[in-house]
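Step one of this worksheet: look at the structure below.
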Number of protein chains: 2
Amino acid sequence: MGEFELIQHYFASQASVRDDVELGIGDDCALLNIPAGECLAVTTDSLVSGIHFFADIDPFALGHKVLAVNLSDLAAMGAYPRWVSLAITLPEANESWLAEFARGFHALATKHNVALIGGDTTRGPLSVTVSAKGTVPARQALRRSGAKAGDAVYISGSLGAAALAVQQRIHNLHIPDDALQTCQQRMDYPQPRCELGLALRDIASSALDLSDGLSGDLMHILRASGVAAEIELSTLPVDPAVVQSVTPEQALQLALGGGDDYELCFTVPAEHENRLHELATSLTLPLTRIGAITAGTPHITWYHQGKPVELHINGWEHFHHGETGKTS
Amino acid sequence: MGEFELIQHYFASQASVRDDVELGIGDDCALLNIPAGECLAVTTDSLVSGIHFFADIDPFALGHKVLAVNLSDLAAMGAYPRWVSLAITLPEANESWLAEFARGFHALATKHNVALIGGDTTRGPLSVTVSAKGTVPARQALRRSGAKAGDAVYISGSLGAAALAVQQRIHNLHIPDDALQTCQQRMDYPQPRCELGLALRDIASSALDLSDGLSGDLMHILRASGVAAEIELSTLPVDPAVVQSVTPEQALQLALGGGDDYELCFTVPAEHENRLHELATSLTLPLTRIGAITAGTPHITWYHQGKPVELHINGWEHFHHGETGKTS
């Protein structure tokens, strides 16, 4: 057995067990049972060294993050997370590095009860690809195309902190220690909003996860739904660690164009809005109304305290914009 | 839209359409309909430049090959191929290279009617990861664990040609032109045995695809099934291009330990053997009986014209052995 085969066995030995896995790691394919009446939801995301993470990233954080960004896509679809495949390419079989990576990966997998059902380990430049699979009844799936004029626009959690950590690292910015720690935590350990996604099945009319920055990501909903949006900037839940560390203009750029937030952005018909407060409480997760969907060609009108404002969003510098083309 | 996003749209625009795709490329996840009573079969395989293929590979061939090796795993499971995700990492958005890659990928996808349902394109060192998905009723799946004493051992097609092309490239061997061409074709354009896999659902007791070489791969069946095997070397369908190009000893090493054949190896209970001749004819694909399963601890006894022989299989030099650890 080669060293890379050993790696796979190492991962496999720690994999969670689920009743819906008919046949797990160790054959030509895994065999998985889909509940009757549900669709399979699939997403694939790669993280590449130097593009999506700094080469010296804590391997525990990388194991967490590559799974988190994939589970975030399932959450944004309202899908119940079930299974993941993991393909790793790495320069050498560094045992302690791998043990930490596996520990980070399995900690999050255990938290969300997803089973590792296969993968591939290869020698090469460091990159990791996860394909995450879940299920959702077709009519309950949170598509990008369901937003309607009159719906409210909401986002979960706070924005901009992960992007500030990236900028700090590149430009060696002066940031208060505690704020920096918060931002680095957000950069390295995004929390997929799986519970929120499931709860939104009956509430939201559309949803997606924020990976590239609110301004660009919201446009995906608007284009898919054929609607416009009015967003009130003063309501944006910019992370306090960002607010205390940079100018208001910089904070706005990070919140709108920075990316890496992995929060959910979703639209809610008026008749369901009252259920959101309850939900925010039960999940102990802020859910903030930031504007409304309007009729019109897809575009965003920005307001500041009720007055329309012009915005040129560049997210400061785009660490990875233009470097990836994600389609699912 | 960045150049890498354009790439994804380019791939997406050429994707096949299938009725079982509830929602394709362009949302957070793809949504797929699984036929009632069937399992999802999933496999993931990466091909990395310098490990699985030479860096100067024809991009058309690479597009074909990365899909072929994944469909081969579905075939080995008896699964009906339906959907694939494609994650590409590449150093630059070279348009003509990508167009050829996409052409090779889509040509095979169209042949087997599989739909591209998502993916990710990232700047970085060249590698491609495909996750292929199909379906199969659980009780009809061709597992590695079903071989029983008395079953015959069969393989499809011929062995050793792809491995010879690899060795020729590394060691600059002298090989007749026409044989070399045949071997290169086998190396670059493996043909996934999907039709055979489907037909074997009712016939074979176990199956896998030959990626690392018969001697090692057959052991996977023996270990999973808790049985032994007796193999008659004179019956091995060594590719004629190999037979005419190297010594008999070298030919044997390539056929047993060379790898990259992507033929199916399967076991057949005696009562079903008569259906194989018919099947070979209808598929115009040789299906060769090379031995039998016996009771005993997992090992292979090699025979040459009826007499037991000792074999030390090293596959010449192992181009990628020990470099990968595949678990599904």
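Letters go in sequence order (proteins before strands), and every chain restarts at 1.
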Leading residue by heavy atom contact count with chain A [cutoff under 4.5 Å; candidates B:Ser145, B:Ala76, B:Ala132]: B:Ala76
Whether over 12 other heavy atoms sit under 6.0 Å from A:Asp19 CG: no
Largest heavy-atom contact set with chain B, pairs under 4.5 Å, which of A:Gly216, A:Ser46, A:Ala87, A:Ser72: A:Ser46
Heavy-atom pair count under 4.5 Å with chain B, highest-scoring of A:Leu40, A:Ile34, A:Thr135: A:Leu40
Part of B:Leu142 within contact of chain A (heavy atom distance under 4.5 Å): backbone
pair B:Leu47-B:Leu62: side-chain heavy atoms closer than 4.5 Å: yes
Pairs where residues 129-147 of chain A contributes a residue and the test salt bridge (charged side-chain N to carboxylate O under 4.0 Å, His left out) is met, not counting sequence neighbours: A:Arg143-B:Glu22, A:Arg144-B:Asp27, A:Arg144-B:Asp28
Which of A:Leu208, A:Asn33, A:Ile221 touches chain B most, by non-hydrogen pairs under 4.5 Å: A:Leu208
B:Asp217 (side chain) donor-acceptor with B:Ser211 (main chain) under 3.5 angstrom: yes
Which portion of B:Ala36 sits near chain A, non-hydrogen atoms under 4.5 angstrom: neither
Flag side-chain contact, heavy atom, 4.5 Å: A:Val136 against B:Leu31: yes
Per-residue contact mode, A:Ser131 against chain B (heavy atom under 4.5 angstrom): side chain
Student check: side-chain heavy atoms of B:Leu32 and B:Asp20 closer than 4.5 Å: no
Selection from B:Gly134, B:Ala138, B:Cys39 maximising heavy-atom pairs under 4.5 Å formed with chain A: B:Cys39
Side chain to side chain contact (heavy atoms under 4.5 Å, CB included) between A:Cys194 and A:Leu74, worked out: CA-CA 7 Å; A:Cys194 298; A:Leu74 292 182; 5.9 Å; no
Part of B:Ala75 lying under 4.5 Å from any heavy atom of chain A: neither
